[in-house]
Amino acid sequence: MAVHPRHAPRSPPLSSHLPAQARGSSDPSPGSGLARFNALSPEAAEAVLLHCCGSRRWAQRVAVHRPYPDPGALLAAADEASYDLSQADLSEALASEFPVELDHGAPYAALLALDAAHAEYERKFGHAFVICLDGHPPDEQADQLLAAIRRRMELEADEERSISADELRRLAQVRLADLTHWLTSPDGVSAANSGLFAPVG
């Protein structure tokens, strides 16, 4: 069954989320994703980080504090940078977001309903709906997403912006875990070594 075009995957295609227990592992080995991330040039590290959060200032802050001794230190630095986003930084990050990618088995009717809800949300708030669905089973995500959009459509702009900022922070954590895992794969190693992640802009 076809997937609605608004629900296409983000780029680059990072691998599945790391198990929660792996996110707090000990010092990185030379072949680990974190070690590879630590070894990237500043420009490449910032470009990679922009796939986790679209704020340039956030990416610069996280990149400049390398090397990180363990995944927990990286996630803590990312969290601190997320809480320190200015309104302009937040607007930049929100502008880079796209509708949530759903499991390919989601009914097409559900995708159409979500497409309409996303469009209504974007007309009201001026940016894509942002939510972290990590931990929700794939077969529940369509219902969770539609309910969340409808609930948050009732909020005032300032309150919704605050919630969006918190969801961006949570998404950045999940994407960073994906990133360090992906960099251990042959595709990730090749991308990092070849300079595939050119600076954005």
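A 6.0 Å sphere centred on CD of Glu140 holds more than 12 heavy atoms belonging to other residues, nucleotides or ligands.
Following chains of ILVMFWY side-chain contacts shorter than 4.5 Å, one can reach Leu114 starting from Val100, so the two form part of one hydrophobic cluster. Cluster annotation: Leu111 is connected to Leu133 through the hydrophobic network of ILVMFWY side chains, with a link wherever side-chain heavy atoms come within less than 4.5 Å.
Nearest approach of Ile131 to Leu145, heavy atoms of both residues: CG2-CD1, 3.6 Å. Taking all atoms of both residues into account, the shortest heavy-atom contact from His127 to Ser164 is CE1-OG, 3.7 Å. In plain terms, the two heavy atoms of Leu85 and Arg57 that are nearest each other are CA-NH1, 4.3 Å. Among all heavy-atom pairs drawn from Gln173 and Asp79, the shortest one is NE2-OD1, 3.5 Å. Residue Asn38 comes nearest to Pro67 through the heavy atom pair OD1-CA, 3.4 Å, listed as atom of the first residue, atom of the second, then distance. Scanning all heavy atoms of the two residues, the minimum distance from Glu92 to Ser55 falls at OE1-CA, 3.6 Å.
For the pair Asp89 (side chain) and Ser86 (backbone), a donor-acceptor distance under 3.5 Å is present. A distance-only check finds a donor-acceptor pair linking the side chain of Arg66 to the backbone of Leu40 [under 3.5 Å]. Of the possible donor and acceptor atoms, none in the side chain of Ser162 sits under 3.5 Å from a partner among the backbone N and O of Glu159. No donor-acceptor pair closer than 3.5 Å links the side chain of Glu46 to the backbone N or O of Arg56.
With values rounded to the nearest 0.5 angstrom, Gln144 atom CD is found 12.0 Å from Ile149 atom CD1. The CG atom of Asp134 sits 9.0 Å away from the CG atom of Leu171 when rounded to the nearest 0.5 Å. Residue Leu74 holds its CG atom at 6.0 Å from CG of Leu34, rounded to the nearest 0.5 Å.
With a 4.5 Å cut-off on side-chain heavy atoms, Cys132 and Val174 count as touching. Side-chain contact between Cys52 and Leu179: present, with at least one pair of heavy atoms (C-beta onward) separated by less than 4.5 Å. The side-chain heavy atoms of Tyr68 and Leu75, taken from C-beta on, include no pair separated by under 4.5 Å.
The pair Glu167-Arg170 meets the salt-bridge criterion, with a side-chain N (NZ, NE, NH1 or NH2) lying under 4.0 Å from an Asp/Glu carboxylate O. The existence of a salt bridge linking Asp158 and Arg161 is excluded, since no basic side-chain nitrogen approaches an acidic carboxylate oxygen closer than 4.0 Å.
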Margin query: For Phe125 and Met153: C-alpha separation, side-chain torsions, deciding distance, then whether side-chain contact (heavy atoms from CB on, under 4.5 Å) applies.
Written below: CA-CA 9 Å; Phe125 294 111; Met153 278 290 295; 4.2 Å; yes
Check: When you look at Arg175 and Asp178, which way does the salt bridge (Lys or Arg N to Asp or Glu O under 4.0 Å) test go after all the steps?
Finding: CA-CA 5 Å; Arg175 290 168 181 168; Asp178 281 351; over 6 Å; no
Next item on the list: Evaluate side-chain contact (heavy atoms from CB on, under 4.5 Å) for Glu97 paired with Leu168, printing each intermediate quantity in order.
Entry: CA-CA 9 Å; Glu97 291 295 315; Leu168 277 175; 3.6 Å; yes
Next item on the list: Using the side-chain contact (heavy atoms from CB on, under 4.5 Å) rule, take Tyr121 and Glu160 through it: C-alpha gap first, then chi angles, then the decisive distance, then the call.
Entry: CA-CA 11 Å; Tyr121 176 94; Glu160 173 56 20; 2.5 Å; yes
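Its side chain within the 4.5 Å cluster rule, Leu155 clusters with Ile163 among the Ile, Leu, Val, Met, Phe, Trp and Tyr residues.
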